[in-house]
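Chain letters run A, B, ... following the sequence lines, proteins first, then strands; residues in each count from 1.
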Amino acid sequence: MPRYNGELHTDPDAMSCRTRFAPSPTGFLHIGGARTALYCWLEARRRGGTFVLRIEDTDRERSTDAAVQAILDGMTWLGLEADEGPIYQTDRTDRYTQVASELVQAGRAYYAYDTREEIDAMRAAAMAAGGKPRYDGRARELGLSDRADPNRVIRFRNPSAGSVVFEDKVKGRIEWSNAELDDLVLIRSDGFPTYNFAVVVDDMDMRITDVVRGDDHVNNTPRQINLYEALGATPPAFAHLPMILGSDGTKLSKRHGAVGVMQYRDDGYLPHAILNYLARLGWSHGDQEIFSREQMVDLFRIEDVNQSAARFDLAKLGWLNQQYLKQDDPASIAVHLEWHLVHAGYDIERGPPPADVVVALRDRVQTLKEMAERAEVWYRPLADYDEAAVSKHLTRDARAPLADARARLASVGTWCLEDISSALHDVGTALGVGMGKVAQPLRVAITGTQVSPDIAHTVFLAGREQALSRIDAALARIRVVD
RNA sequence: GUCCCCAUCGUCUAGAGGCCUAGGACACAACCCUUUCACGGUUGCGACCGGGGUUCGAAUCCCCGUGGGGACGCCA
């Protein structure tokens with residue numbers, strides 16, 4: 001009986017939790033993969049275990065280096081750093097070949113040379129007989145020897161009787177009849193292992209204790225457990241996560257467009273907001289919605305994950321993102337905002353410090369991208385005015401408040417929020433008008449629009465020089481209209 | 001076709017037989033606050049898929065329907 005080096009199991013660390021995230025590099029890290037990675041990471045962290053990253057690149061046709069990089073970038077951005085890895089399956093080809101031939105020697109696997117056409121015919125026949133399409137096991141008892149052949153594969157001799165039972169940590173007890181399983185290919189004709197075989201060898205070699213993955217893998221689990229048995233290894237615990245569906249209730253997949261994790265960065269989401277959202281999608285802790293990283297690690301238990309699929313809701317992600325925009329330290333948010341400001345092509349030097357912008361705008365936007373867009377007015381010359389805003393607020397009546405505000409702003413001692421605010425209130429008092437008569441024309445003068453943060457902030461961020469010249473421009477405009 | 005899984009407000013969920021005239025959050029509506037837009041506050045709208053059981057008692061347990069999802073590759 002082939003057996004993997006048993007001494008690894010005596011490693012004291014082998015008893016502690018080891019999880020792995022094992023994406024195939026065929027695209028970017030999408031939201032479903034990110035959640036799987038998060039849950040693996042969380043489970044390992046809480047139990048003081050190890051989180052391993054493994055790249056399943058055995059499909060040479062579809063795997064790309066760019067995709068590997070995209071996955072790595074996504075995980076780094078989210079802060080889900082692996083303790084071990086990345087380990088590439090293509091570096092382990094010899095190991096799979098070795099284990100497969102040991103299985104053949106032990107009578108648990110066999111060579112087969114069926115053509116594609118023959119296999120297709122078997123499937124069709126099985127379907128016609130009312131069963132599921134499958135390989136009929138015709139080479140199983142032939143004892144074919146190894147030889148060069150374009151159709152040479154190694155197949156697993158799956159048990160034909162009995163059933164496989166396992167206790168899934170999220171789905172509960174699952175029983176699968178062996179009669180439903182056919183003899184799966186272990187080594188393909190190109191010499192590379194198939195997914196089901198490589199995973200088992202790797203999880204065994206890497207002493208993975210908890211396999212956490214999407215529930216599209218539940219039906220691979222029974223055959224993998226049979227493989228463990230044939231290898232004389234103890235299967236890990238399994239936890240199959242329900243799928244994440246699109247807002248339309250259909251499967252959320254790569255074809256849904258911009259679902260790569262890095263796209264969320266570009267769209268202005270904070271990595272922690274994504275993590276928090278993903279944690280709450282399929283898991284909960286009472287009525288709590290906001291979780292710090294520490295709280296997640298502390299409270300998350302894979303056993304508490306829900307059993308049903310959930311839909312991805314951008315509105316709630318946006319709400320969560322704003323919660324973090326509001327509660328986090330402005331300086332740390334500013335770091336992220338700066339990325340967007342630069343990305344948008346603004347010259348940061350000619351505008352206010354980003355942290356000041358964060359304070360002014362964080363109650364008003366849900367994403368950093370919106371924040372950067374709204375901040376444009378302080379980083380670029382005022383290009384044009386909104387017509388409706390002009391006709392409503394840059395009227396003859398606005399001339400006095402504007403002129404008075406200009407004079408007071410010009411003589412404000414320190415250009416700070418408090419002094420600007422009181423100076424502007426003095427305008428209203430002096431002229432005997434409400435703040436609306438002062439603030440709105442001023443807002444239009446500074447921003448060209450009717451919408452902006454509170455007027456003191458709006459003026460403050462413009463800087464004294466810009467504020468005064470924009471007021472002058474507005475005053476000039478009123479004169480022209482006259 | 002065959003096998004597997006799932007099922008509480010529009011969405012994410014709480015609920016592990018009585019605490020449920022079903023709670024929270026997002027979204028939506030109204031009002032309050034207010035210099036705009038927001039934020040915040042208050043209130044409202046809104047769900048146990050259907051049918052049978054079991055039980056004194058079921059959102060919770062069982063069965064059958066129905067609906068949804070997944071899988072059946074020399075993809076992962």
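Spacing of C1' atoms, B/C28 relative to B/G10, comes out at 9 Å, to the nearest Å. The same atom, C1', is picked in B/G44 and in B/C9; the two are 14 Å apart, to the nearest Å. The same atom, P, is picked in B/C45 and in B/U2; the two are 47 Å apart, to the nearest Å. Of the P atoms belonging to B/U42 and B/G53, the separation is 46 Å, rounded to the nearest Å. Nucleotides B/C64 and B/G23, compared at atom P, are 32 Å apart to the nearest Å.
Within residues 275-290 of chain A, the residues approached by RNA chain B to less than 4.0 Å at the level of any non-hydrogen atom are A/Arg280, A/Leu281, A/Gly282, A/Ser284, A/Asp287, A/Glu289, in residue-number order. Of the residues in residues 159-181 of chain A, those lying under 4.0 Å from RNA chain B by heavy-atom distance are A/Lys171, A/Trp176, A/Glu180. Residues of residues 433-448 of chain A that place a heavy atom closer than 4.0 Å to RNA chain B, in numerical order, are A/Met435, A/Gly436, A/Ala439, A/Gln440, A/Arg443.
Legend: residues meeting side-chain hydrogen bond (donor to acceptor under 3.5 Å, both in side chains) with A/Arg223, ordered by chain and number and at least two apart, are A/Asp182. Applying the ring-ring contact (aromatic ring centres under 6.0 Å, His included) criterion to A/Phe21, with sequence neighbours excluded, gives no partner residue.
For the pair A/Thr115 and A/Asp120, the minimum side-chain heavy-atom distance is 4.5 Å or more. At least one side-chain heavy atom of A/Arg138 sits less than 4.5 Å from a side-chain heavy atom of A/Met122. For the pair A/Ser160/A/Arg140, a side-chain contact is recorded, criterion being any heavy-atom separation below 4.5 Å from C-beta on.
Across all strands shown, A/Arg116 has heavy atoms under 4.0 Å from base atoms, whether or not it also approaches the sugar-phosphate. Here A/Gln307 lies in heavy-atom contact (under 4.0 Å) with sugar-phosphate atoms only.
Of all nucleotides present, none satisfies the Watson-Crick or G-U wobble test against B/A22 with each distance under 3.5 Å. Across all strands shown, B/A7 pairs with B/U66; the Watson-Crick or G-U wobble distances both stay below 3.5 Å. Under the Watson-Crick or G-U wobble criterion, with both distances below 3.5 Å, B/G57 has no partner in any strand shown. Under the Watson-Crick or G-U wobble criterion, with both distances below 3.5 Å, B/G46 is left unpaired in every strand shown. Pair assignment for B/A71: B/U2, on the basis of Watson-Crick or G-U wobble contacts that are both within less than 3.5 Å. In this structure, B/C33 forms no base pair with any nucleotide, since neither Watson-Crick nor G-U wobble geometry is met with both distances under 3.5 Å.
The aromatic rings of A/Phe166 and A/Phe238 sit perpendicular, their planes meeting at an angle over 60°, well past the 30° parallel limit. The aromatic rings of A/Trp283 and A/His285 sit parallel, their planes meeting at an angle under 30°, below the 60° perpendicular limit.
Salt-bridge annotation for A/Asp397 and A/Lys437: absent, with no side-chain N of the basic residue lying under 4.0 Å from a carboxylate O of the acidic one.
Note that the first and last nucleotides of RNA chain B, 5' to 3', having any atom under 4.0 angstrom from a heavy atom of chain A are B/G1 to B/A76.
For the side chain to side chain donor-acceptor pair (under 3.5 Å) with A/Gln89, the lone residue among A/Asp57, A/Asp59, A/Asp202 that qualifies is A/Asp202.
Surrounding CD of A/Glu61 are at most 12 heavy atoms belonging to other residues, nucleotides or ligands under 6.0 Å away. Summarising the local packing, CG of A/Asp65 is surrounded by 12 or fewer heavy atoms from other residues, nucleotides or ligands at distances under 6.0 Å.
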